[in-house]
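Naming: A, B, ... by sequence-line order, numbering from 1 per chain.
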Amino acid sequence: AQSVTQLDSQVPVFEEAPVELRCNYSSSVSVYLFWYVQYPNQGLQLLLKYLSGSTLVKGINGFEAEFNKSQTSFHLRKPSVHISDTAEYFCAVSEETSGSRLTFGEGTQLTVNP
Amino acid sequence: EAGVTQSPTHLIKTRGQQATLRCSPISGHTSVYWYQQALGLGLQFLLWYDEGEERNRGNFPPRFSGRQFPNYSSELNVNALELEDSALYLCASSLWGGNEQFFGPGTRLTVL
């Protein structure tokens, strides 16, 4: 079984500041890793994913994440945030098998202040 | 290309009733997943359907059930509704064997 821990439930930052949202996972098998964003009253949108290859993954809206196998982490970063980045962010893992369920972290509410 | 669609957007039921939620996957996707997002409980995996069969099930009681139709659309049925079933129910779809799930906007179920 796998689990995901998002270390910060809320992250307030000022506009144009850098941000890092932290995610650690636990699994006995190899996993795929994902970051999703959820805007108020909407579904989930995929920001980026790590399946294999380069440990630095670039996603949409200027976000990137780095897979660190030794630390079992997959932290999300953005060098300069905008007001429109205010949303809830979810880290998720799935086993490296077909059709595997996603296991989500508890979510991090990012609030970007002017 | 149309995304995953879900209906209804909102559903209000009373305790003990049954609720039916519907999901249409992205064209070409054969796998459908259901997740529950309840306040304070986060996002929990409910069910996975592929090719009309239930492939995997999360830790939910049997009163949560569903089916997948030949056109790959899916229904989630919740019987004997309880207050704690109030949540946002999200449907996702993927290609067969795919590792990326695409989510719909959700159905907000309120049980009074």
Under 4.5 Å from a heavy atom of chain A, the part of [X] involved:
X       : result
B/Leu43 : both
B/Tyr35 : side chain
B/Gln44 : neither
B/Leu95 : neither

>> If the contact rule is any heavy atom under 4.5 Å from chain B, which residues of residues 47-81 of chain A qualify, in numerical order?
In response: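 When heavy atoms of chain B are the reference, residues 47-81 of chain A contributes A/Lys49, A/Leu51 within the under-4.5 Å range.
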
>> Set out, in order, the CA-CA distance, both residues' side-chain angles and the distance that settles side chain to side chain donor-acceptor pair (under 3.5 Å) for B/Thr20 and B/Glu75, then state yes or no.
In response: CA-CA 7 Å; B/Thr20 299; B/Glu75 273 183 3; 5.2 Å; no

Hydrophobic cluster membership, [X] vs [Y], 4.5 Å side-chain cutoff:
X       : Y       : result
B/Ile26 : B/Val32 : no
A/Val11 : A/Leu7  : no
B/Tyr49 : B/Val4  : no
A/Leu44 : A/Tyr32 : yes
B/Leu11 : B/Leu83 : yes

>> So, taking the atom named OG in A/Ser94 and the one named CZ in A/Phe104, what distance separates them when rounded to the nearest 0.5 Å?
In response: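 Between atom OG of A/Ser94 and atom CZ of A/Phe104 there are 9.5 Å.
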
>> Working to the nearest 0.5 angstrom, can you tell me the gap between A/Cys91 SG and A/Glu106 CD?
In response: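 It comes to 12.0 Å.
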
>> Can you tell me which portion of A/Gln45 sits under 4.5 Å from chain B's heavy atoms? Options are side chain, backbone, both or neither.
In response: neither

> Using non-hydrogen atoms only, which part of A/Leu46 is less than 4.5 Å away from chain B: side chain, backbone, both, or neither?
Replying inline: side chain

>> Quick one, B/Asp85 with B/Lys13, criterion salt bridge (Lys or Arg N to Asp or Glu O under 4.0 Å). Give me CA distance, side-chain angles, the key distance, then yes/no.
In response: CA-CA 10 Å; B/Asp85 297 333; B/Lys13 295 285 186 178; over 6 Å; no

